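First the structure, in the form of structure tokens, and then the observations on it.
FYI, the numbering just counts along the sequence from 1. Quick caveat: nothing in here was measured; it's all calculated off a predicted structure. The figures here come from the full heavy-atom set of this structure, side chains too, leaving out hydrogens, waters and symmetry mates.
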Amino acid sequence: MRKESQVDLVNIPGPVEMILRLLEAHGHAAHCVGGCVRDSLLGRTPEDWDVATSALPEETLAIFPGRAFPTGLRHGTVTVREGSCSVEVTTFRTDGPYADSRHPDSVTFTRSLRDDLSRRDFTVNAMAADLRGELTDPFGGQADLKAHVLRCVGDPEERFGEDALRILRCLRFSATLEFSVEAETARGLRDCKELLLNIAAERVHSELTKLLCGKAAAEVLREYPEVVGAVLPEIRPMVGFEQHSCYHCYDVWEHTLHALAAAPQEPVLRWAVLLHDIGKPRCFTRDERGGHFYGHPAVSAEIADAVLRRLKFDNATRDAVTTLVAWHDREIPRTEKGVRRALMKLGEERMRQLTEVKRADNLGQAPELRSRLREVERGAEILDALLARDACFSLKQLAVNGRDLMALGLRGQEVGAALDRLLCAVVDGELPNEKSALLCAVRARKFAETPEEQRI
Ligand code: ATP
Ligand code: MG
């Protein structure tokens, strides 16, 4: 095996160093492996540190009495706890056959680091470094890292066939590291895409979210729509769907990708932008004025809801994304009153997110067609100004509460209804947010009638 050179393990945590030292002191090989070596070579601080060792799990357990726990013994993983730090220490292993495109039927422990590295997914993830930073790189990971290339260790089709999650990991790394995919590996991705149906929704969800938040997410989706389409079939109708509209120079998918690239790299925003126009193909109509997509935000929100449910998103994220999708095409309030009303309905966080989605939606159009960008920015300025002076837009901020109204003799549902009307009046600037003025208005029974339909 070639021992190529040194790596400076960036910000290696004390407990990881201690674990490597102790394993070595007991005569075992011990290395940092995978992502932490890759990230260190890229000069980035790794998020997590994985240790691989020639020690068998029971040997590792014996070296760290009371501090080591058999968290994944079947795969040779022992978790060593040092203070608040938990480190996974895994025995060198090779994987047996994979019957389910995800999990090896059996694993075999080995004393060979090279064999352990050969089961790893990509060359850039198949490097190890010991305590002294001495690098083990049997598959040319360093060269691929320098060339910004993702390449399977071994035969791509075989590797993706063993574990289809690697297909999504490949796209995710391509999006986050901004690496290209080597040709054979790219062919493997495409040929094996149907196997993605064997992957648990939670794993798809987490990989897709990381992919979407990557800097090069749009490029990856543009290059592999059919692969992503294997787990998100709802995106397929967008690809190449012409809009026949003077407001758009791109088809629905290209517009979505341009908007995605313009959106902040944050899960809720990236998912909302990916899905914002997903209902357009279903809503398409055409007349002498061109193409129309009447009602597409509601249809997009419905599809988004189904996608996020299938991928087992938590309710809060699903609610946020579907709200943003449903609201993305509403006219932007250009007046303080309009922004206040929108704030009352959506709250500050969602309003700020909506601004970002609208901004990205506009930036996703050709420069000469970004007609509404100025309105978005105007709305954002009004929002900032309102929030800066602590304007009232929620019941929490109202100068009176339910108890105050009950003291005036209101009961049951009357209380909530009166509070809502007071809030509307304050938001619309008809009343000041002052306790005496609000109580006075209630006493005068100004709030008996139903308020007009609230629009923004
Ligand atoms: P991240 O930055 O997301 O932590 P990572 O490469 O460290 O990226 P992990 O899931 O932490 O990913 O896995 C650690 C290492 O285990 C990988 O670098 C790779 O060597 C190996 N590995 C993880 N998942 C797979 C897989 N599905 N198939 C083969 N090897 C894998
Ligand atoms: Mg990792």
**Report entry** Test item: Glu254 side-chain N/O and Val239 main-chain N/O as donor-acceptor pair under 3.5 Å
**Finding:**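 Answer holds: no.
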What's the separation between atom [atom1] in [X] and atom [atom2] in [Y], rounded to the nearest 0.5 Å?
| X | Y | atom1 | atom2 | result |
| --- | --- | --- | --- | --- |
| Glu157 | Glu162 | CD | CD | 12.0 Å |
| Cys36 | Glu47 | SG | CD | 12.0 Å |
| Asp137 | Leu117 | CG | CG | 8.5 Å |
| Ser86 | Arg67 | OG | CZ | 12.5 Å |

Report task. Check whether NZ of the Lys or CZ of the Arg Arg151 lies under 6.0 Å from the centre of the six-membered ring of Phe122 and within 45 degrees of that ring's axis. Result ->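 Judged by the rule (NZ or CZ under 6.0 Å from the ring centre, within 45° of its axis), Arg151 is not positioned above Phe122.
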Less than 3.5 Å apart, any donor N or O on the side chain of [X] or [Y] sitting next to an acceptor on the other?
| X | Y | answer |
| --- | --- | --- |
| Asp277 | Thr256 | no |
| Asp314 | Thr317 | yes |
| Asp116 | His31 | no |
| Asn125 | Arg38 | yes |
| Thr71 | Thr77 | no |
| Thr123 | Asp144 | yes |

Query raised in the report: Listed by chain and number, what are the salt bridge (Lys or Arg N to Asp or Glu O under 4.0 Å) partners of Glu381, not counting sequence neighbours?
Result: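 Partners of Glu381 by the salt bridge (Lys or Arg N to Asp or Glu O under 4.0 Å) criterion, ordered by chain and then number, come out as Arg378.
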Report task. Any chance you could lay out the salt bridge (Lys or Arg N to Asp or Glu O under 4.0 Å) test for Glu349 and Arg352, step after step, and finish with the verdict? Result -> CA-CA 5 Å; Glu349 187 191 12; Arg352 288 201 183 280; over 6 Å; no
Could you check if a side-chain atom of [X] sits within less than 4.5 angstrom of a side-chain atom of [Y], using non-hydrogen atoms only?
| X | Y | value |
| --- | --- | --- |
| Leu423 | Met344 | yes |
| Met351 | Phe393 | no |
| Val321 | Leu275 | yes |
| His244 | Phe284 | yes |
| Leu189 | Phe160 | yes |
| Val37 | Met127 | yes |
| Val87 | Glu82 | no |
| Arg282 | Ile303 | yes |

Query raised in the report: How are the rings of His255 and His276 set to each other: parallel, tilted or perpendicular (split at 30° and 60°)?
Result: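 If you compare the ring of His255 with that of His276, the planes turn out perpendicular.
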Requested in this report: Using the six-membered ring wherever Trp is involved, compare the ring planes of Phe293 and His296 and label them parallel, tilted or perpendicular (cut-offs 30° and 60°).
Outcome: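 Aromatic pair Phe293/His296 classed perpendicular.
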Around atom [atom1] of [X], are there more than 12 heavy atoms of other residues, nucleotides or ligands at under 6.0 Å?
| X | atom1 | value |
| --- | --- | --- |
| Arg187 | CZ | no |
| Arg111 | CZ | yes |
| Arg74 | CZ | no |

Query - Working for salt bridge (Lys or Arg N to Asp or Glu O under 4.0 Å), residues Glu207 and Arg166 - result: CA-CA 10 Å; Glu207 290 298 330; Arg166 292 171 189 156; over 6 Å; no
Query raised in the report: Does the ring center of His103 lie less than 6.0 Å from the ring center of Tyr98?
Result: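 Centroid separation for His103 and Tyr98: 6.0 Å or greater.
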Report task. Establish, yes or no, whether a centroid distance under 6.0 Å links the rings of His258 and His248. Result ->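 Centroid distance His258-His248: not below 6.0 Å, so no.
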Ion pair check, [X] and [Y], cut-off under 4.0 Å:
| X | Y | result |
| --- | --- | --- |
| Arg190 | Glu226 | yes |
| Arg270 | Glu356 | no |
| Asp163 | Arg102 | yes |

Requested in this report: Using the side-chain contact (heavy atoms from CB on, under 4.5 Å) rule, take Val7 and Leu9 through it: C-alpha gap first, then chi angles, then the decisive distance, then the call.
Outcome: CA-CA 6 Å; Val7 53; Leu9 291 168; 4.2 Å; yes
Query - Residues Arg318, Asp305; criterion salt bridge (Lys or Arg N to Asp or Glu O under 4.0 Å); working and verdict - result: CA-CA 7 Å; Arg318 183 161 47 81; Asp305 188 70; 3.1 Å; yes
Query - Residue among Arg359, Arg370, Arg372 satisfying salt bridge (charged side-chain N to carboxylate O under 4.0 Å, His left out) with Glu377 - result: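 For Glu377, the salt bridge (charged side-chain N to carboxylate O under 4.0 Å, His left out) test succeeds with only one of Arg359, Arg370, Arg372, which is Arg359.
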